[in-house]
Trainee: 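First the structure, then my questions, so here it is.
Every heavy atom of this structure was used, including side-chain atoms; hydrogens, water molecules and symmetry mates were not. Note that ligands are numbered from 1 as they come in the structure, with each ligand's atoms numbered from 1 the same way.
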Amino acid sequence: MKHHDDVIITAALTGAIHVPTMSPNLPVTPAEIIEDGIAAAEAGASIIHVHARDPESGEPSSDPALFREIASGIRAETDAIVQPTTGGSAAMSVEERIATVPELEPETASCNMGSMNFGMYPLLNAYDEFDRDWEPDYLDDSRDFIFRNTFGDIESLLETFDECGTKPELECYDVGHLYTAKHFLDRGLLEPPLRIQFVMGIHGGIGADPEQLTHMYRTAEKLFGDQYSFSVIGAGRQEFPLGVQGVSMGGHVRVGLEDNLYRGRGELAASNADLVEKMVELTKSVAGREIATPEQTREFLGLKGQDAVNF
Ligand code: KMH
Ligand code: ZN
């Protein structure tokens, strides 16, 4: 692993997994997402991972105009690194999902490393009723949802990233995805050092278990040596236990309402900044590490800089 003393915290603001009924604190409108992003950056996040939602319905949206409003709104108030999604949501085509990269030419964006089942339907059981008509169907439809990321899709994604000077963050939901990353590295379609996100606990991917995180880490060490760095996403209630394990292993971490709505058992997080503050405190008190600044993060990841983006 390529090491950095300080921890890079990513804040994932809203995503496309949770629906508004699940938390009144889930940001929906561009203004809410921007406000949460700025507060998360002030709390210590140097990377802000953004999805967009329809301001009226709250449904996940691929509208480039919404992404531009959110990205430029966050950039106007912080030097944090804005990282748009290319994963989007269940209802989007690959073309729709990738549109933000040539539109915004961001410093970094997510890049999902394989096709998989992506089940959100188990969340249905946790809620008696939903405030918005689309919500229960959106979750239930994930029974038959295939999160498409074929080798051909990834090839065209990486070509677009390269054209835009955008560094891909490789979202690996299972060990096989690490081997796919190795394949594209060997073909020269990926530039080392790689930035890898170990995505733990998505229904259809690897479980959010400590030994599985160690397995992902050991496999990455074997495949990439010091030509990579990693960050950890623990879905749901495993966000902080796996986050602490990840930063204790020398890695980095992602927190946020995209991945987890709770600050503690039965305690809804008040905001994304609320989750970042808790992770900052745990990183310092448990792992004894400091928090990386956006500038340190840019240099460590080899990003093109905020002046080279198109928003
Ligand atoms: N939804 C997360 C589990 C993306 O946006 O491209 C991973 C993610 C993927 O954030
Ligand atoms: Zn995402």
Trainee: Does the His203 side chain pair with the main chain of Gly119, one donor and one acceptor, at a distance under 3.5 Å?
Mentor: no

Trainee: Regarding Arg298 and Glu295, does a basic nitrogen lie under 4.0 Å from an acidic carboxylate oxygen?
Mentor: yes

Trainee: Which atoms of ligand 1 sit under 4.0 Å from any heavy atom of Val199?
Mentor: 3 (C)

Trainee: Counting each atom of ligand 1 from 1 as listed, which ones have a heavy atom of Asn112 under 4.0 Å away?
Mentor: 4 (C), 6 (O), 9 (C)

Trainee: Is the Phe198 to Tyr217 ring centre distance short of 6.0 Å?
Mentor: no

Trainee: Please determine whether any non-hydrogen atom of Arg254 lies less than 4.0 Å from an atom of ligand 1.
Mentor: yes

Trainee: Where do Thr14 and Arg53 land on the side chain to side chain donor-acceptor pair (under 3.5 Å) test, with the steps shown first?
Mentor: CA-CA 8 Å; Thr14 187; Arg53 293 179 182 264; 2.7 Å; yes

Trainee: Calculate the angle formed at the Zn ion (ligand 2) by NE2 in His51 and NE2 in His49; 10° precision is enough.
Mentor: 100°

Trainee: Report whether any nitrogen, oxygen or sulfur of Glu258 sits less than 2.8 Å from the Zn ion (ligand 2) (N, O or S, backbone or side chain).
Mentor: yes

Trainee: Can we say Lys278 and Asp274 salt-bridge, meaning some charged N sits less than 4.0 Å from an Asp/Glu carboxylate O?
Mentor: no

Trainee: Does Gly87 reach ligand 1 with a nitrogen or oxygen that is under 3.5 Å from one of the ligand's nitrogen or oxygen atoms?
Mentor: yes

Trainee: Name the closest protein heavy atom to atom 7 (C) of ligand 1, giving the residue it belongs to and the distance to 0.1 Å.
Mentor: Tyr173 OH, 3.3 Å

Trainee: List every atom of ligand 1 that sits less than 4.0 Å from any heavy atom of Ile17, numbering the atoms from 1 in the order shown and giving each element.
Mentor: 1 (N)

Trainee: Taking only heavy atoms of Ile202, which atoms of ligand 1 are found under 4.0 Å from at least one of them?
Mentor: 3 (C)

Trainee: Classify the angle between the aromatic ring planes of Phe151 and Phe184 as parallel (below 30°), tilted (30 to 60°) or perpendicular (above 60°).
Mentor: tilted

Trainee: Please determine whether side chain to side chain donor-acceptor pair (under 3.5 Å) holds for the pair Ser62 and Arg97, giving the CA-CA distance in whole Å, both sets of side-chain angles, and the decisive distance to 0.1 Å.
Mentor: CA-CA 6 Å; Ser62 62; Arg97 288 166 36 195; over 6 Å; no

Trainee: Judged on heavy-atom distance to atom 8 (C) of ligand 1, which of Met200, Glu258, His51 sits nearest?
Mentor: Glu258

Trainee: So, Asp153 and Thr150: side-chain donor and acceptor under 3.5 Å apart, yes or no?
Mentor: yes

Trainee: Mark up the atoms of ligand 1 that fall under 4.0 Å of a heavy atom belonging to Ser110, in ascending order.
Mentor: 4 (C), 5 (O), 6 (O)

Trainee: Is Arg75 paired with Asp307 through a side-chain N to carboxylate O contact shorter than 4.0 Å?
Mentor: yes

Trainee: Heavy-atom distances under 4.0 Å are what count here, so tell me which part of His49 touches ligand 1: side chain, backbone, both or neither.
Mentor: side chain

Trainee: Do any N/O atoms on Thr85 end up under 3.5 angstrom from N/O atoms on ligand 1?
Mentor: yes

